[in-house]
Peer 1: 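Quick one: the structure is below, questions incoming.
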Amino acid sequence: MPELPEVETIVRALKFGGRQEPPVIDCVLTGGKVLWVKTLANPPAALFSQRLTGQKVMDVTRRGKFISLNLSDDTLLIHLRMSGDIRVDSARAEDEVDHPLPRHDRLLLYFENGLRLALNDTRKFARAWLVRDPAVVLSTLGPEPLDHEFSAERLGALLSKRQRGIKSLLMDQTVLAGMGNIYTDEALHLARIHPLARPDQLTTADIEHLWLAIQSVLKEGIRRNGASIDWVYRGGDFQNYFRVYGRSGQPCPVCGTLITKTVIGQRGTHYCPTCQPPPPGKRG
DNA sequence: CCTGAAACCTGTCTGC
DNA sequence: TGCAGACAGGTTTCAG
């Protein structure tokens, strides 16, 4: 479900408080519960609660699409995958007898002050890791696209000598961390680059445009608190400003040509055939 | 090295 | 109304 801007929105809510949700920063854990065993990648479920208990949430940060709860001794990393979401409410474990949990809660954390953090995930793809060293999970990730160090030149270096389609490359988390299906389609449209264009054949101007487009769509997504699509609504409204995603058959906001949808790398791909002309030898 | 397909899951929507 | 099939913000694994 979430890409970088949605994860960033959740991280900020956990750290500073959201519309209705209180922050969990500085809160001390009193336990945890594993409702779907496969959601917890590490440690074994039987060791989870005991290892958490007594640790304090020192900070909440983001790396790519991972949420990182930085605890006194360990780090709890959460990846929401397709349908995961975080909820913070006030309820103790003993209250759950009288007040059944919402459907699809997979992992629960309890705090001393009565707060409860739930990882809710309809499709059961989300994963959590409680580890001493977060690098064990995060070390393969590429650079952060919004990092000040990430310049157009850095992007150019990532793209040079790469021949696979640009969309596939941008969504590869070991190349660049945080871009997903929506923001990649949006960035490529803004940069006027076809999703199957070869990275090694982009001009310096193309790369500059692409860098700017990536900055633009991610920052606007964060400014609008992410996008809320499908049956999940968490307050963001970037979905009202999509240029191409989910708009097949509707006019391109730039030139009026009808937006095309195809499948690239098993993912629905939306683009304007006029603004984003296919590269030599490619159709569509 | 790369691509494509399948797997992991549940729910919604579309078309017959 | 019912039902099959496609599809969904992601990643991993395996075959070729």
Side-chain angles (χ1 to χ4, degrees), chain A residues 1-11 35-42 62-67 77-86 102-107 119-129 137-142 145 158-188 195-200 214 217-218 220-222 224-249 261-270 281-282:
Chain A
M1 197 170 79
E3 305 178 32
L4 188 153
E6 289 75 30
V7 175
E8 179 67 24
T9 300
I10 290 169
V11 164
L35 276 40
W36 181 254
V37 172
K38 294 173 79 172
T39 298
L40 186 64
N42 186 77
R62 178 189 59 73
R63 178 74 174 94
K65 301 174 190 171
F66 288 82
I67 298 165
L77 295 166
I78 299 172
H79 196 304
L80 300 173
R81 298 279 174 91
M82 291 290 266
S83 59
D85 196 6
I86 300 290
R103 293 182 78 185
H104 313 310
D105 275 5
R106 308 301 181 195
L107 199 68
L119 168 55
N120 185 279
D121 177 34
T122 304
R123 294 178 69 181
K124 299 179 177 174
F125 290 164
R127 291 292 179 267
W129 298 255
V137 178
L138 304 177
S139 62
T140 61
L141 289 176
L158 296 181
L159 303 186
S160 71
K161 299 176 185 169
R162 306 305 291 263
Q163 301 184 19
R164 60 201 273 209
I166 184 70
K167 173 168 178 171
S168 157
L169 196 69
L170 291 177
M171 288 183 63
D172 185 336
Q173 302 300 299
T174 68
V175 174
L176 188 62
M179 297 287 284
N181 205 36
I182 291 179
Y183 291 89
T184 302
D185 279 5
E186 293 295 306
L188 288 172
L196 288 176
R198 276 180 53 167
D200 64 347
I214 291 169
V217 298
L218 292 179
E220 191 186 355
I222 292 170
R224 300 194 182 281
N225 298 311
S228 305
I229 64 172
D230 292 340
W231 64 94
V232 179
Y233 178 76
R234 63 160 71 86
D237 66 344
F238 187 58
Q239 70 278 7
N240 298 324
Y241 303 89
F242 288 162
R243 303 158 64 92
V244 289
Y245 184 85
R247 296 191 66 250
S248 58
K261 181 179 180 183
T262 59
V263 176
I264 294 176
Q266 300 187 99
R267 309 304 300 276
T269 298
H270 317 72
K282 302 270 172 65

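Naming convention: chains lettered A, B, ... in sequence-line order (proteins, then strands); numbering from 1 in each chain. Only this structure's heavy atoms are used, side chains among them; waters, hydrogens and symmetry mates stay out.
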Peer 1: Hey, does the side chain of A:Lys65 reach the backbone of A:Met179 with a donor-acceptor pair shorter than 3.5 angstrom?
Peer 2: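 A pair under 3.5 Å: yes.
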
Peer 1: Where each pair must be Watson-Crick or G-U wobble with both distances under 3.5 Å, what dot-bracket representation of DNA chain B is obtained, with crossing pairs in [ ] and other-strand partners as |?
Peer 2: .|||||||.|||||||

Peer 1: In whole angstrom, what separates A:Leu176's CG from C:dG10's C1'?
Peer 2: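 Nearest whole value for this atom pair: 15 Å.
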
Peer 1: Using atom P in both nucleotides, what's the gap between B:dT10 and C:dT1 to the nearest angstrom?
Peer 2: 26 Å

Peer 1: Roughly how far apart, to the nearest Å, are C:dA6 and B:dA7 at atom P?
Peer 2: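 After rounding to an integer number of Å, I get 15 Å for this pair.
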
Peer 1: With a 3.5 Å distance limit and no angle check, can you tell me whether A:Glu6 reaches the backbone of A:Gly226 through a side-chain donor-acceptor pair?
Peer 2: no

Peer 1: Base, sugar-phosphate or nothing for A:Gln266? Non-hydrogen atoms, less than 4.0 Å.
Peer 2: base

Peer 1: Among the candidates C:dG10, B:dT3, B:dC9, find the nucleotide nearest to the side-chain atoms of A:Ser168.
Peer 2: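 Among the listed nucleotides, the one closest to the side chain of A:Ser168 is B:dT3.
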
Peer 1: Just by modelled atom types, is the A:Asp121 backbone N or O under 3.5 Å from a matching donor or acceptor in the A:Arg106 side chain?
Peer 2: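 Flag set: sc A:Arg106 to bb A:Asp121 pair under 3.5 Å.
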
Peer 1: CE of A:Met82 versus P of C:dT11: gap in Å, rounded?
Peer 2: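 Answer to the nearest Å: 10 Å.
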
Peer 1: Treating A:Gln173 as the side-chain partner and A:Gly178 as the backbone partner, does any N or O pair qualify as donor plus acceptor under 3.5 Å?
Peer 2: yes

Peer 1: Please identify each residue that fulfils side-chain contact (heavy atoms from CB on, under 4.5 Å) with A:Glu8, with sequence neighbours left out.
Peer 2: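 For A:Glu8, the residues satisfying side-chain contact (heavy atoms from CB on, under 4.5 Å) (neighbours in sequence not counted) are A:Arg12, A:Arg62, A:Ile222.
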
Peer 1: Quick check on the 6.0 Å ring-centre criterion: do A:Tyr183 and A:Phe238 meet it?
Peer 2: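 They qualify: ring centres under 6.0 Å apart.
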
Peer 1: With rounding to the closest Å, how many angstrom separate the P atoms on B:dA5 and C:dC7?
Peer 2: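 The answer is 13 Å between these two P atoms.
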
Peer 1: Out of B:dG11, C:dG9, B:dC8, which has the shortest distance to the side chain of A:Phe125?
Peer 2: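 Among B:dG11, C:dG9, B:dC8, the one nearest the side chain of A:Phe125 is B:dC8.
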
Peer 1: Rounded to whole Å, how long is the line connecting atom CZ of A:Arg123 with atom P of B:dA7?
Peer 2: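 Taking CZ of A:Arg123 and P of B:dA7, I get 15 Å after rounding.
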
Peer 1: Taking atom P in both C:dT11 and B:dG11, compute the distance separating them and give it to the nearest angstrom.
Peer 2: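 The same atom, P, in both gives a distance of 22 Å.
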
Peer 1: Look at the side-chain N and O atoms of A:His104 and state whether any lies under 4.0 Å from the OP1 or OP2 oxygen of B:dG11.
Peer 2: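 A:His104 to B:dG11 OP1/OP2: side-chain N or O found under 4.0 Å.
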
Peer 1: What is the distance, rounded to the nearest whole Å, between atom NZ of A:Lys167 and atom C1' of B:dC2?
Peer 2: 18 Å

Peer 1: At 4.0 Å (heavy atoms only), tell me whether A:Lys261 reaches a base, stays on the sugar-phosphate, or touches nothing.
Peer 2: sugar-phosphate

Peer 1: Could you tell me whether the phosphate oxygens of B:dC1, OP1 or OP2, come under 4.0 Å of any side-chain nitrogen or oxygen in A:Lys161?
Peer 2: no

Peer 1: Using only side-chain N and O atoms of A:Arg127, determine if any of them is under 4.0 Å from OP1 or OP2 of B:dC8.
Peer 2: no

Peer 1: Nearest whole angstrom, please: distance from the C1' of B:dC1 to the CG of A:Asp172.
Peer 2: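 After rounding, the reported distance stands at 13 Å.
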
Peer 1: Looking only at side-chain N and O atoms, does A:Lys65 come under 4.0 Å of OP1 or OP2 in C:dG10?
Peer 2: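 Answer is yes, contact under 4.0 Å.
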
Peer 1: Below the 4.0 Å mark, does C:dG10 have OP1 or OP2 next to a side-chain nitrogen or oxygen of A:Arg267?
Peer 2: yes

Peer 1: Closer than 3.5 angstrom, by distance alone: can the side chain of A:Asn120 be matched with the main-chain N or O of A:Arg103 as a donor-acceptor pair?
Peer 2: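 Indeed, once roles are kept as given, a pair shorter than 3.5 Å links the two residues.
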
Peer 1: What is the distance, to the nearest angstrom, from the CD atom on A:Gln173 to the C1' atom on C:dT13?
Peer 2: 17 Å

Peer 1: Would you mind reading off the distance between A:Arg162 atom CZ and B:dC2 atom C1', rounded to a whole angstrom?
Peer 2: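 About 10 Å, once rounded to whole Å.
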
Peer 1: Where the side chain of A:Arg164 is concerned, which of B:dC2, C:dG9, B:dT10 is the nearest nucleotide?
Peer 2: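 Comparing B:dC2, C:dG9, B:dT10 against the side chain of A:Arg164, the answer is B:dC2.
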
Peer 1: Does a side-chain N or O of A:Lys124 approach OP1 or OP2 of B:dT10 to a distance below 4.0 Å, or not?
Peer 2: yes

Peer 1: Take the protein atom CD1 of A:Ile67 and the nucleotide atom C1' of C:dG10, then report the distance between them rounded to whole Å.
Peer 2: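 Taking CD1 of A:Ile67 and C1' of C:dG10, I get 14 Å after rounding.
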
Peer 1: Got a donor-acceptor contact below 3.5 angstrom from the A:Glu186 side chain to the A:Arg243 backbone?
Peer 2: yes

